[in-house]
There are 2 protein chains.
Amino acid sequence: MANKEGGKSGGMAHPGGSRRNLRQPSIKDIARLARVSHPTVSRALQNSPLVNAKTAAKIRKIADEAGYRASAVARGLVTRRTRTIGLVVTTVADPFASEVVCGVEQTANDHGYSVFLADSNADPERERKVVQAFAERRVDGIIVTSSRVGALYLPRLTEMMVPIVLVNDQYPGAFVHSVMIRNLEGIRAAVRHLIGLGHRRIAYLGDQFGYQSDAERFAGYREALDATGIPFHPELVVHGDGKPEAAVRAMETLLSLAIPPTAVCCYNDMSALGAMQSIRARGKRVPEDISVTGFDDLFFASYTDPPLTTVRQPMRRMGQLAMEGLLKLMAGEESVVKIEVEAELIVRGSTAKVSRNANGNRRS
Amino acid sequence: MANKEGGKSGGMAHPGGSRRNLRQPSIKDIARLARVSHPTVSRALQNSPLVNAKTAAKIRKIADEAGYRASAVARGLVTRRTRTIGLVVTTVADPFASEVVCGVEQTANDHGYSVFLADSNADPERERKVVQAFAERRVDGIIVTSSRVGALYLPRLTEMMVPIVLVNDQYPGAFVHSVMIRNLEGIRAAVRHLIGLGHRRIAYLGDQFGYQSDAERFAGYREALDATGIPFHPELVVHGDGKPEAAVRAMETLLSLAIPPTAVCCYNDMSALGAMQSIRARGKRVPEDISVTGFDDLFFASYTDPPLTTVRQPMRRMGQLAMEGLLKLMAGEESVVKIEVEAELIVRGSTAKVSRNANGNRRS
DNA sequence: AGGTGGCGTGTACACGTGTGCATAAGGCGA
DNA sequence: TCGCCTTATGCACACGTGTACACGCCACCT
């Protein structure tokens, strides 16, 4: 017996050893050291009431000293739950996405879940690999933050019979749940604010055509216009791609108009960044010549010159809500998660009363 | 036999089923369908030359039709390699970190690895949980992007006998490898640039005291000063925390000086953002009154007003290099990874020749 | 005193995959 | 025809954990 013990424990890993990956102690190693069977160790470490308190304490002490960490992979195999979720974003480099990721990750960790991060980069091949990886990893749930997801690969995701929560996107389907910002109300508040400042020629600088959130924000823009009786001018609607570079070009189009707008309502803060630069490049000033609004309230919004008036989106909170919803779905406590969060207009310095001579050619 | 088959396959998951998590098909299900043993399926799916080409093709077809995905968790249990890495950042919300994450993730995915993301938030309790999670998940390697890591929990990380690569931090220890930017040369280039523009009173707005990268950048600042014979004034050195808010306050200190600096060399772009706002708030202009430089070249650097002169750090590339190094370490192809990447000065509009009356009181 | 029940522990198995080894089939040379 | 080699396949086991079930022990009640 003692002989066997010596022989077997010879291969045990020890901290600071010169060779790596010798072997981490297993539950059986601990059982041998504690002179009990391995199920008793398992129960002791799970604080099961089935095991004698003194024995449990002794086992926990030994396990701790040996630096024992139960293998989540072995546990996952037998319990059929990995306590793992997959998180898909188009790219973490986008500040909106990274805030959501932050919220998701914190909440997941607080509940003992680990998160697999994958960015799709809107590349179909990469998306295919992401889905495959999540399937093989046997994630318990999935969160997608990517306005591009649409019909692209969601069907393949649903195949793995696991709850999926979408952040700021919607897709009609079986296992699909979502956390959304009230896009329409948010933009409407921004446009109303501009109208209140006397603006009548208000442009909309959107995202790429066909995205749900862009469509909703555009709808909010239209609604605010209509409600005030301001006619809609198609030439005042341009499209970027949600990033500054494209917004610069889109803004140039607006500035080249025979009668340029006196205010621009941007799809998001990144676009507003490009728009403002474009306006400066034309020798015009924000907000004296043109007012600008954004959407998201990213960290830099209060540090632009002038500080950006924008619609705040509680991004981290949305990540948290998505994860909390997913937890309920995975536990079966909820059969559907459909959350809408409020958008809040933050008025800063990039919007001002329309200048007297700007709207001079007001003919509408 | 047929009886048993019918009985067993009754529980197989099928796409679009109303109940979730019934069961995903296992390798044995595929084996039964293909009328072979499960090891043959295993070999066929690994493209092993041991299995007959026709049989393999048939098996692959059946597996594909059944939507079979081999369980990475079961595989990990037997192979003792999870093809999984852990990635620690203080917070993904930091644009620098998210760029690195992006590079790491892409490279990892390209090589069949999945990444567990965890942000520590510099919270000891959370860091403890992160380490524990990575240990239990049996990650094959770890990448840390966090200037705070220092002596905090790295010792605990090394206990799990797995290679660890640090990005922009260093720590003397057994399993520790790193990818670093040439901080000293980078800042030196920025300071030289300022000196070349005639500046003599150049301030350094650093990160929190004690961080390796801050120490190196400060050293670069000192070195450039010394090389030109410009005396060092301790009052021109202030500390923020790498974020805009703290930089605002630090900059106010500098502006309140009897003889304020004509140029500020910031630890990073985020700090520069705060510094520029602080300067504007005092009614001074950038770069006419005060020149400002940053570090990182984050996405917004070209969109500030004026665009920010900064030291570019190839963040995504650094993430890629870290992952590539880790891959080699895990494969045992390399015993030590120590990479230094070049910093590049990007001159934009936030730096200009010192104004004549600004350095009027030049007494040094 | 014998039956009963609770408590603590061990035994046996399962989870899904990879792999060393044995084995069956078939071809070929002696 | 026999033996040997190659090729293709199956068998048995291992990985580390959780859990249903059986079992032994002791106290207690009848």
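In what follows, every chain begins at residue 1, and chains take the letters A, B, ... in the order their sequences are listed. Below, each value reflects all heavy atoms present in this structure, side chains not excepted, and no hydrogens, waters or symmetry copies.
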Any side-chain donor near an acceptor of the partner, B:N109 and B:E105, under 3.5 Å | yes

Considering only heavy side-chain atoms of A:L77, the closest of C:dC15, D:dT17, C:dT17 is C:dC15

N/O (side chain, A:Q24) to phosphate O (OP1/OP2, D:dG16) under 4.0 Å = no

To the nearest angstrom, how far is B:I59 atom CD1 from C:dG18 atom C1'?
-> 15 Å

Nearest whole angstrom, please: distance from the P of D:dC13 to the NZ of B:K28.
-> 14 Å

When all nucleic acid strands are considered with a 4.0 Å heavy-atom cut-off, which category describes A:V73: base, sugar-phosphate, or nothing?
-> nothing

Choosing from D:dT9, C:dT17, C:dT19, which nucleotide comes nearest the side chain of B:Q46?
-> C:dT19

Hey, is the side chain of B:R80 poking within less than 4.0 Å of OP1 or OP2 on D:dC15, counting only N and O atoms?
-> no

Verify the contact: side-chain N or O of B:T55 to OP1 or OP2 of D:dT9, cut-off strictly under 4.0 Å; return yes or no.
-> yes

For the side chain of A:R137 and the backbone of B:T84, is there at least one donor-acceptor N/O pair under 3.5 Å apart?
-> no

Which one, C:dT17, D:dG16, C:dA12, comes nearest to the side chain of B:A74?
-> C:dT17

OP1 or OP2 of D:dT17 sitting under 4.0 Å from any side-chain N/O of A:S71?
-> no

Return the value, rounded to whole Å, for the distance between atom OH of B:Y68 and atom C1' of C:dG16.
-> 7 Å

When rounded to whole Å, the CG to P distance for the pair B:N52 and D:dT7 reads 12 Å

Under-4.0 Å side-chain N/O to phosphate OP1/OP2 contact, A:T40 with C:dG10 | yes

Find the distance B:R75:CZ to C:dC15:P and express it as a whole number of Å.
-> 19 Å

Below 4.0 angstrom from OP1 or OP2 of D:dG18, is there any side-chain N or O of A:S42?
-> yes

So what does A:S37 hit on the nucleic acid, given a heavy-atom distance under 4.0 Å: a base, only sugar-phosphate, or nothing?
-> base

Side chain of A:H38, base of D:dG18: donor and acceptor closer than 3.5 Å?
-> yes

Given B:R138 and B:M160, is the side chain to side chain contact (heavy atoms under 4.5 Å, CB included) satisfied, shown in steps?
-> CA-CA 9 Å; B:R138 299 292 194 262; B:M160 61 181 91; over 6 Å; no

Within this structure, what is the CZ-to-P distance between A:R32 and D:dG16, rounded to whole angstrom?
-> 11 Å

Which listed nucleotide (C:dG16, C:dT9, D:dG18) is nearest to the side chain of A:V51?
-> C:dT9

Given C:dT19, C:dG16, D:dT17, which nucleotide is nearest the side-chain atoms of B:R43?
-> C:dT19

Rounded off to whole Å, could you give me the CG-to-P distance for the A:L45 and D:dT19 pair?
-> 13 Å

